[in-house]
Undergrad: 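Submitted below is the structure of interest, expressed as C-alpha cells.
We're numbering straight along the sequence, starting at 1. Every number for a ligand or one of its atoms is a count from 1 in the order of the listing.
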Amino acid sequence: MILVTGGAGFIGANFVLEWLARKGEAVINLDKLTYAGNLASLESVKSDPRHVFVQGDIGDRDLMERLLAEHQPRAVVNFAAESHVDRSIHGPADFIETNVVGTFKLLEAVRAYWGGLTGEDRANFRFLHVSTDEVYGSLGKNDPAFSETTPYAPNSPYSASKAASDHLVRAYHHTYGLPVLTTNCSNNYGPCQFPEKLIPLVIHNAISGKPLPIYGDGSNIRDWLYVTDHCLAIMAVLEKGRVGETYNVGGNNEKTNLEVVKTLCAILDELHPDSPVVPHEKLIVFVKDRPGHDARYAIDSSKIRNELGWQPQESFETGIRKTVAWYLANQAWVDNVISGEYRNWVQTNYATRT
Ligand code: NAD
Ligand code: DAU
C-alpha cells in the first residue's frame, strides 16, 4: 500500500480516487482536515476497504511513525500543505508550521522508517513531494518557461514555505540517501477545489449573482492543468521517475485571469441560463491587487514528457467545461464547505478590496 498525506484536499482527494480506480492498491490517507480538507470529496470510497482514512497532522511525529510501522507503505506521497496564497499573506504562521516544520517532521519519521527497511523494500521505497511552480517566482512576458533548473525565487509566504520544503526534501536525499522525488506543478482546476481559488470562486459567485473579483487589471497569467492530468503525472513519476530528480508538470495553457473568467462566464451563460444575472460577464469587477502578485507562470514540461511519456489528456477547453458542469451538478458539495469559516474568509480577503 501507499500512504498519502493531504488526501482530503482538492488534488489529494482526486489522486486517491484516481489511484484506487486505476491501480487498485490500498491507500492510507492521513489528513488534518483543516478548512480545506473535506471528506465529502471521498464519499464514493467511504466503505471501500482499500481506503483507510486517518485524521492527523504530518507534524505529529509519533503518529506518523506509528502509521508507517503499522501499515508498512511502499511509498509516501505528500500533498499536505496550506495552499492558498492570499491566506499566506493574511496569516503566514500556519504555512511555516505545516509546509516547513510539518514537512521536516514528516521527513524525519519517513527517514527512520526507511532506515529500518531492508532488501527490496528499502530499494523500492519512494517519498514523493508534491510542490508548485510558484517556487520559481514570476516571469516577464517574453521569458522562457520555468524548467527544472530555473533558480528558486519565491515571492509569497506560501511559495517561500513550499520552496523551503522542497529544499529539505532535496537535502534528505543528498545527505541521508532518502529516495525522494519532487514534482513542481502549475495551477490545477477541476472537481472538489475549495471555492477560495479563482475558478471555483468565480463559478460559485456567478451562479449566486455575486461580483466576480478580478485582482488588478486581470492581465496576470497562469498555466492551467486539469487536476486528473496532475494526478496521472504524479503516478508516472512515482512509477518511473529517477530518484532524487524533480519533474515540472504543466498544461501548456497560459491564460490571463481575465480570459479565464470570461471563458467561465460564457460557459455558464450556456449551461446555466437561469442564473440571477445573465450574461454573467456583467458581474466582473476589478478590485485591489494581491500584494506581490506574480505576473506570469509558465511551465516547460519537456522533461516529464520525454523521460516518462506523460502528457495531458485534457485541453483547457474540455477540462473547463467538465469543471463547470461538475460544480453545477454538485451544489451540495459547495454548500457543505461554505460554512462560517468560509464567510469569515470572504470578509477578510474581499471587504477591503472593493
Ligand atoms: P488543499 O488546500 O485543497 O488541500 C490541502 C490538504 O492538506 C487539506 O485536506 C488539508 O486538510 C490538509 N492539511 C493541511 N495541513 C495539514 C497537516 N499539517 N497535516 C495533514 N494534513 C494537512 O490543497 P491542494 O490544492 O489540493 O494542494 C495539494 C498540494 O499540491 C499542496 O502541497 C500544494 O502546494 C500543491 N500544489 C497545488 C496546486 C494547485 O493549483 N492547487 C498546484 C501545484 C501544487
Ligand atoms: O501555480 C500553482 C499554484 O496555483 C498552487 O501552488 C497554489 O496552491 C494554488 O492556490 C494556485 O495559486 P494561485 O495564487 O495562482 O491561485 P488562485 O486561484 O488563488 O489565483 C489564480 C489567479 O487569479 C491569481 O493571479 C490571482 C487571481 N485571483 C484570485 C482570486 C482568488 C483573482 O483575480 N481574484 C480572486 O478572487
Undergrad: Any idea which heavy atoms bring Lys162 and Ala81 closest together, and the distance?
TA: NZ-CB, 4.0 Å

Undergrad: Please identify which atoms of ligand 2 are closer than 4.0 Å to at least one heavy atom of Ile214.
TA: 33 (O)

Undergrad: Who's the nearest protein heavy-atom neighbour of atom 34 (N) of ligand 2, and how far?
TA: Pro213 O, 2.8 Å

Undergrad: What's the shortest distance from atom 5 (C) of ligand 2 to any protein heavy atom, and which residue and atom give it?
TA: Tyr158 OH, 3.6 Å

Undergrad: So which protein heavy atom does atom 11 (C) of ligand 2 come closest to, and at what separation?
TA: Asn187 ND2, 3.4 Å

Undergrad: Hydrophobic cluster mates of Phe95, side-chain heavy atoms under 4.5 angstrom, ILVMFWY only, any path?
TA: Val85, Ile89, Tyr158

Undergrad: Looking only at protein heavy atoms, identify the closest one to atom 9 (C) of ligand 2 and say how far it is in Å.
TA: Ser83 O, 3.9 Å

Undergrad: May I ask you to check whether Asp166 and Tyr152 show a side-chain donor-acceptor distance below 3.5 Å?
TA: yes

Undergrad: Salt-bridged, Lys322 to Glu314, with N to O below 4.0 Å?
TA: yes

Undergrad: Taking atom types as modelled, find out whether Ser165 and His129 have a side-chain donor-acceptor pair closer than 3.5 angstrom.
TA: yes

Undergrad: Taking the six-membered ring of Tyr297, is the NZ or CZ of Arg222 close enough (under 6.0 Å from the centre) and on axis enough (within 45°)?
TA: yes

Undergrad: Mind telling me whether His51 and Phe53 have parallel, tilted or perpendicular rings, with 30° and 60° as the class edges?
TA: tilted

Undergrad: Please state whether His293 comes within less than 4.0 angstrom of ligand 2, counting heavy atoms only.
TA: yes

Undergrad: Going by atom types only, do Ser301 and Asn248 share a side-chain donor-acceptor pair under 3.5 Å?
TA: no

Undergrad: May I ask which of Tyr350, Phe10, Phe194, Tyr215 has a heavy atom nearer to atom 33 (O) of ligand 2 than the others do?
TA: Tyr215

Undergrad: Hey, what's the ring geometry for Trp345 with His84, parallel, tilted or perpendicular (30° and 60° as the breaks)?
TA: perpendicular

Undergrad: Does a salt bridge link Lys23 with Glu18, judged by any charged N lying under 4.0 Å from a carboxylate O?
TA: no

Undergrad: Which ligand 2 atoms, with their elements, are less than 4.0 angstrom from a heavy-atom of His84?
TA: 19 (O)

Undergrad: Just which atoms of ligand 2 are under 4.0 Å from any heavy atom in Glu196?
TA: 31 (C)

Undergrad: Mind jotting down which protein residues get a heavy-atom contact under 4.0 Å with ligand 1? Chain and number order, please.
TA: Gly6, Ala8, Gly9, Phe10, Ile11, Asp31, Lys32, Leu33, Thr34, Ala36, Gly37, Gly56, Asp57, Ile58, Phe79, Ala80, Ala81, Ser83, Thr98, Val130, Ser131, Thr132, Tyr158, Lys162, Cys185, Ser186, Asn187, Asn188

Undergrad: Could you give all pairs that pass the salt bridge (Lys or Arg N to Asp or Glu O under 4.0 Å) test and reach residues 53-66, with sequence neighbours left out?
TA: Lys32-Asp57, Arg61-Glu65, Arg61-Glu108

Undergrad: With heavy atoms of Thr132 as the reference, note each atom of ligand 2 found under 4.0 Å away.
TA: 1 (O), 2 (C), 3 (C), 5 (C), 6 (O)

Undergrad: Out of Asp294, Leu212, Leu258, Asn257, who gets a non-hydrogen atom closest to atom 27 (C) of ligand 2?
TA: Asn257

Undergrad: Got a sec, which pairs hit salt bridge (Lys or Arg N to Asp or Glu O under 4.0 Å) with one end in residues 186-214, sequence neighbours left out?
TA: Arg87-Glu196

Undergrad: Give the residue, atom name and distance (to 0.1 Å) of the protein heavy atom nearest atom 21 (C) of ligand 2.
TA: Leu198 CB, 3.9 Å

Undergrad: In the protein, what heavy atom is nearest to atom 1 (O) of ligand 2, and what distance, to one decimal place, separates them?
TA: Asp133 OD1, 2.5 Å

Undergrad: Could you list the atoms of ligand 2 found under 4.0 angstrom from a heavy atom of Val85?
TA: 14 (O)

Undergrad: For ligand 2, which atoms sit closer than 4.0 Å to a heavy atom of Lys197?
TA: 10 (O), 18 (O)

Undergrad: Within a distance under 4.0 Å of any heavy atom of Leu201, pick out the atoms of ligand 2 and give their elements.
TA: 36 (O)

Undergrad: Taking the six-membered ring of Tyr215, is the NZ or CZ of Arg353 close enough (under 6.0 Å from the centre) and on axis enough (within 45°)?
TA: yes

Undergrad: Ignoring hydrogens, just give me the one of Arg290, Arg353, Lys255, Glu134 whose non-hydrogen atom is nearest atom 19 (O) of ligand 2.
TA: Arg290

Undergrad: Go through the side-chain N and O atoms of Ser186 and Trp224 and say whether any donor and acceptor fall under 3.5 Å apart.
TA: no

Undergrad: Can a side-chain donor-acceptor contact be found between His280 and Ser275 if the only test is distance below 3.5 angstrom?
TA: yes

Undergrad: Mark up the atoms of ligand 2 that fall under 4.0 Å of a heavy atom belonging to Arg222, in ascending order.
TA: 15 (O), 24 (C), 25 (O)

